[in-house]
Amino acid sequence: MVDSRCGLHCTGCEWKKSAGCGGCIETNGHPFHGKCPVAICCQSRDIVHCGECQDIPCELLIQYSCDPEHGDTPHGARIEQCKKWKREKEFRSNCSHGLLTKQEN
């Protein structure tokens, strides 16, 4: 389930409740900390998350994912999550169009 634009898992996040965060998708790019440049970038490109962008991983997403204080553990985890979401979407699309062989199913 896609629950953010940058690949961060918001479902079950402590900040979501304690800080009154509505999530980046639900708030049109304005979660608890204000305007999110990653979410705004996705919205401007009319994509759901960074995995759908041809520029993945861009400098902005790398900066967010690898930030020493607020970044991912391990570094780059949200980049990999976005790539996973993209693969899952492509797989579902291929299944619904009958493009997979029996071996791939």
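Computed from a prediction, not measured in an experiment: that's the story for all the values here. Note that these values count all heavy atoms, side chains included, but never hydrogens, waters or copies made by symmetry.
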Rounded to the nearest 0.5 Å, what separates atom [atom1] in [X] from atom [atom2] in [Y]?
X     : Y     : atom1 : atom2 : value
Cys10 : Arg5  : SG    : CZ    : 11.0 Å
Lys35 : Ile40 : NZ    : CD1   : 5.5 Å
Cys53 : Arg45 : SG    : CZ    : 4.0 Å

Are the charged groups of Lys89 and Glu52 less than 4.0 angstrom apart, N to O?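 Looking at Lys89 and Glu52, the cut-off is met.
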
Salt-bridge present (Arg87, Glu90; N to O < 4.0 Å):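 No, Arg87 and Glu90 are not salt-bridged.
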
side-chain contact (heavy atoms from CB on, under 4.5 Å) evaluation trace for Ile62 with Ile79: CA-CA 8 Å; Ile62 291 170; Ile79 295 169; 4.0 Å; yes

Where do Phe91 and Glu88 land on the side-chain contact (heavy atoms from CB on, under 4.5 Å) test, with the steps shown first? CA-CA 5 Å; Phe91 180 79; Glu88 289 170 353; 5.6 Å; no

Checking Gln81 side chain against His9 main chain: does a donor-acceptor pair fall under 3.5 Å?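 Checking the backbone N and O of His9 against the side chain of Gln81, no donor-acceptor pair under 3.5 Å is found.
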
Under 3.5 Å: donor-acceptor pair, side chain of Ser65, backbone of Leu61: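 No, the answer is negative, given that no donor and acceptor are paired below the 3.5 Å cut-off.
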
Between Asp67 and His75, which heavy-atom pair has the shortest distance, and what is it?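 Heavy atoms of Asp67 and His75 come nearest at O-CE1, 4.0 Å.
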
Working for side-chain contact (heavy atoms from CB on, under 4.5 Å), residues Asp72 and Cys66: CA-CA 6 Å; Asp72 303 338; Cys66 300; over 6 Å; no

side-chain contact (heavy atoms from CB on, under 4.5 Å) between Cys42 and Cys50, worked out: CA-CA 6 Å; Cys42 287; Cys50 293; 3.8 Å; yes

